[in-house]
Amino acid sequence: MKVEFSGRVWKMGSDIDTDIITGSGSEAAKKLIDVPIGDSVGRKLATFGLYRPDFGPNAKEGDIIVAGKNFGCGSSREFAPAMIKACGIRAIIAPSFARIFYRNALNNGIYLLECAEAPDICEEGDIVTVRVNDCIVAGGKEYAIPQIPENLMAIIEEGGLVEHFKKINEAKEDV
Amino acid sequence: MGRTLVEKILVRNSGATNAKTGDIVISKPDMCMFHDIYTTNVINKFYDMGFKKVWDPDKVVLLLDHCSPTISPTSGTNINDGFKFAKDQGISRMHLGNGIGHTMMHELGYADPGWVVIVTDSHTTTYGGGACLGTGVGYSEMAGLLGTGELWLKIPPAIKVVMEGEWPKGVYAKDFILKLLSDIKADGAQYKSLEFTGAAAHALDMDSRYTISNMALEAGAKAALFEADEKTAEYFHKDYAEIEWLHLDEDAEYEQVLHYDVSQLVPMLATPGAVDNGTPLTDWEGTKLTQVVIGSCTNSALNDIAGAAKILKGKHVPPYMRFYVSTASNIVNKQAAELGYIQTLVEAGAIFGAPTCQSCCGQVGRMGDDDVCLGTNNRNFLGRHGTKTTKLFLGSAQAAAASALNGCITDPRKYVD
């Protein structure tokens, strides 16, 4: 199954922690106090709220984040990838990802692609193409990306971990 | 061929006797825990996934510590949903507001040596102080674990950290981990198991080991394991023979070996905005402070409270100093009270909070543009505790006490003999 998509780049720095991602301390985050638990869409305006206040209001479906090393470090909060997903982001490209964020993002259906050259291959606003389990294309050049482990690819293709287990449990009930 | 500690623990837990570093195993956690930031999310996902019954209610702990006291309307929802879930599922291990989760897990026998323990929290690596493989996951993964009793884990490569030499006066576990973080950086142990050995590691008391394993997460570590010894056995009321297998094999393959002579260490501070940018505290001596915090899962155990009390006995912090102190648990509160430390700190001007996460997770004690704080926490990220310009330095409980006393960053070695 070939998965290919293109999107507009949002460029971020290195060591972007999950406090930065969830907009801790931002004006937008202060407004979240009454948003119901589990409502990621209701939280989207606070995404990167202090670090890139222009992100939440302007991120569009299909956009792509390109960042420096160690993306998603710090707290385990799954709100971080959930809010990024609610903003429409389909993939994040970076030299490396923090491990809990990696698991959480894939479990929320976001493609995480390790590319050592990521910070140098494109600029904010460029269009980048992702060919999952093949390569990324930026500035007319192709860059290698690793294979996503099979067990995790299945989860993303099903739409995330909730959908994955839902299918398994529904199948059990039908038996 | 020897095995690393993380290999030993995951092989034994999964039963995959031929597994080695780099292989994915299916672990069956010995215990799991979630807390009051994620309770409702975990429960909702569990039922959304179509699960009805938790796989083993006796392997589930609900430790409600982040939002105690509550900080918003949704804190109460998380707590109430937690109690309802526990009732529906027959979960008896419920703890509300009487301790920080990462401390209570080992205090109460929920994070024993050699176990695999999974928690919806990054600092789960703390339990490695007691040779327990603790690691963090998100709320979706926890929901899946509750339904199946299983979690896939890749056996990570390991970095051996050999600690030798005598600990100098006024230099503590916190200073060591801040130094290690400044050397290997925020991704220096990404996806790895840090494994601690050497005379200086064994010289540490259990609380100090937990401090180091706690902050090892900030280098990206998947696990942070101290070799088990007699102190571990005594803490857990076991015979050493039962946990002897949790030693570092001489012929195990380590990706890297780091050597530290602790006698060369000095008091360290992580400087505002990052945890891996530590420099000697003396670089910042004299920096005026508006707030000092002793608390968090990193440094609020009995040894930290004792260290602070010894420095502040018979003295008083300046009247403007917001000196917030909270201990790791009610067990620590009681011990500290019996030993007179609470009285000493109250008389010195400490403002006591609940034995919970308090200001560390940014829920209370939030600061403004011009605030400068020294805290014993494990994080000082942008916006977490205040505004874009709030400054939070991270250091030991002793550095915090000495600095609170003088209203500015102070070398604790001046007060320790």
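Just so you know, these numbers use all the heavy atoms, side chains as well, and skip hydrogens, waters and symmetry mates. No experiment lies behind these values; they were computed from the predicted model shown. Below, chain A is the first sequence line, B the second, and so on; all start at residue 1.
Remark: A/Arg90 is positioned above the aromatic ring of A/Phe5, its terminal NZ or CZ atom under 6.0 angstrom from the ring centre and at most 45 degrees off the axis.
Neither the backbone nor the side chain of A/Ile16 comes within contact range of chain B; no heavy atom of the residue lies under 4.5 Å from a heavy atom of that chain. At a 4.5 Å heavy-atom cutoff, the contact between B/Glu141 and chain A is made by backbone and side-chain atoms alike. Only the side chain of A/Ala82 comes within contact range of chain B, judged by heavy atoms closer than 4.5 Å. Using a 4.5 Å cut-off between heavy atoms, A/Phe101 makes no contact with chain B at all. Contacts of B/Arg384 with chain A are made by both backbone and side-chain atoms, with heavy-atom separations under 4.5 Å.
Per-residue heavy-atom pair counts under 4.5 Å with chain A were compared for B/Gly144, B/Cys361, B/Gly136, and the maximum is reached by B/Gly136. Looking only at heavy-atom pairs under 4.5 Å with chain B, the residue among A/Arg103, A/Lys69, A/Glu163 that has the most is A/Arg103. When the candidates B/Ala143, B/Ala186, B/Gly383, B/Ser72 are compared by the number of heavy-atom contacts under 4.5 Å with chain A, B/Gly383 comes out ahead. For chain B, the option among A/Asp17, A/Leu161, A/Asn104, A/Ile100 with the highest count of heavy-atom pairs below 4.5 Å is A/Asp17.
Using a 3.5 Å distance cut-off with no hydrogens or angles, the side chains of B/Asn78 and B/Thr40 do pair a donor with an acceptor.
Between A/Lys141 and A/Glu117 no salt bridge is recorded (no basic side-chain N to carboxylate O distance below 4.0 Å). A salt bridge links A/Asp19 with A/Arg77: at least one charged nitrogen is closer than 4.0 Å to a carboxylate oxygen. We find that A/Glu27 and A/Lys30 are joined by a salt bridge, their nearest charged nitrogen and carboxylate oxygen being less than 4.0 Å apart. A salt bridge is defined here as a Lys NZ or Arg NE, NH1 or NH2 lying under 4.0 Å from an Asp or Glu carboxylate O, and A/Arg52 with A/Asp54 meets this definition.
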